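This one's a predicted model, so the numbers in the text were calculated from it and none came from an experiment.
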Amino acid sequence: KKKLKISGRELLSVPTQVFGLEQLQVLEMSPERESCLRYRMELLPQEIGHLRNLTCLYVDSNNLKKIPAEIGTLSCLERLTLSNNSLSSLPAEMGALQRLQSLHLANNSLTELPEPLCQLRSLTFLDVSDNKIDTIPSSIRHLEKLETLLLLFNSLESLPEDFCLLRNLHTLWLGNNHLRSLPAAFGELVNLDWGYNYCSCNFEGNPLESPSPEVCSRGPEGIRDYFSSLQRI
């Protein structure tokens, strides 16, 4: 793959020469994770749309406040990392990234799960932990291939019923939100590896009442039994 890594503690912008590299497939503008550095780039230029062959774009740990609409023209993009930035919204055009499989948006300033993300039908991995998300749209049901969804440390008070249509989920982290209840069909998420892998499904730090944490610990069968008993009452 044709790959370019741009680094530097004072990285403020993308060098304009980069946008002439039309065969570029991997562009990395993130500090090494172990370094604990943050770069200072606030804006991803519109010219990013010239790099039509990009499959991977790494721009985490910068100071990005806005993503340009032109991101939607990167039709080959499969992996996009935008964690540890200052994003409060995403452009509608992101919904056009139909090959995107992995999206990292942890530690930003999102207050809702942006609707365009629910159009990414190839997505298998989504991390939106450490935001301020209090709402998940029912259109999340369109993410039929999603296997990993990380929602830790947000402000969720409820989940839509359609959340339970994500039948391919193997890993779901919901810890440290404000959830008091789960949707009645939550026990249908049978691919969560409840019994054997504690990391598969995480509810810690929620004031759950319906069902209780004890019921949740019994996995999908226990949750289904709980909601069935409510219907009989």
Does the side chain to side chain contact (heavy atoms under 4.5 Å, CB included) test come out yes or no for S30 and Y58, once each step is laid out? CA-CA 6 Å; S30 305; Y58 302 90; 3.8 Å; yes
Practice item. Kindly indicate, with the supporting measurements, whether the criterion side-chain hydrogen bond (donor to acceptor under 3.5 Å, both in side chains) is fulfilled by Y226 and S212. Key: CA-CA 10 Å; Y226 169 81; S212 67; over 6 Å; no
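The line from OG of S13 to CD1 of I6 is 9.5 Å long, rounded to the nearest 0.5 Å.
At least one donor-acceptor pair under 3.5 Å links the side chain of N53 to the backbone N or O of E22. Remark: side-chain polar atoms of N177 are not paired, donor with acceptor, to backbone N or O of E157 under 3.5 angstrom. When atom types are taken as modelled, the side chain of N84 and the backbone of N107 share no donor-acceptor pair closer than 3.5 angstrom. Not one N or O on the side chain of N176 forms a donor-acceptor pair closer than 3.5 Å with the backbone of F203. D162 places no side-chain N or O within 3.5 Å of a backbone atom of P160 that could act as its donor or acceptor partner. E28 places no side-chain N or O within donor-acceptor distance of the main-chain N or O of L4, the cut-off being under 3.5 Å. Remark: side-chain polar atoms of D130 are not paired, donor with acceptor, to backbone N or O of A106 under 3.5 angstrom. Not one N or O on the side chain of D60 forms a donor-acceptor pair closer than 3.5 Å with the backbone of S83. In this structure, the side chain of S109 does not engage the main chain of S88 through any donor-acceptor pair within 3.5 Å. Distance alone, capped at 3.5 Å, is enough to place a donor-acceptor pair between the T55 side chain and the Q25 backbone.
Residue pairs meeting the side chain to side chain donor-acceptor pair (under 3.5 Å) criterion with at least one partner in residues 65-74, sequence neighbours excluded, are absent.
Judged as a salt bridge (charged side-chain N to carboxylate O under 4.0 Å, His left out), and not counting sequence neighbours, D127 has no contacts. By the side-chain hydrogen bond (donor to acceptor under 3.5 Å, both in side chains) test, T135 is found to be paired with no residue, residues two or more places apart in sequence or in another chain being considered.
Nearest heavy-atom pair across L152 and W173 is CD1-CE3, 3.1 Å.
For CD of Q46, the number of neighbouring non-hydrogen atoms (other residues, nucleotides, ligands) closer than 6.0 Å is 12 at most. Residue K5 qualifies as enclosed at atom NZ: its count of foreign heavy atoms under 6.0 Å is above 12.
Of the residues L192, L146, L150, the one that meets the side chain to side chain contact (heavy atoms under 4.5 Å, CB included) test with T171 is L150.
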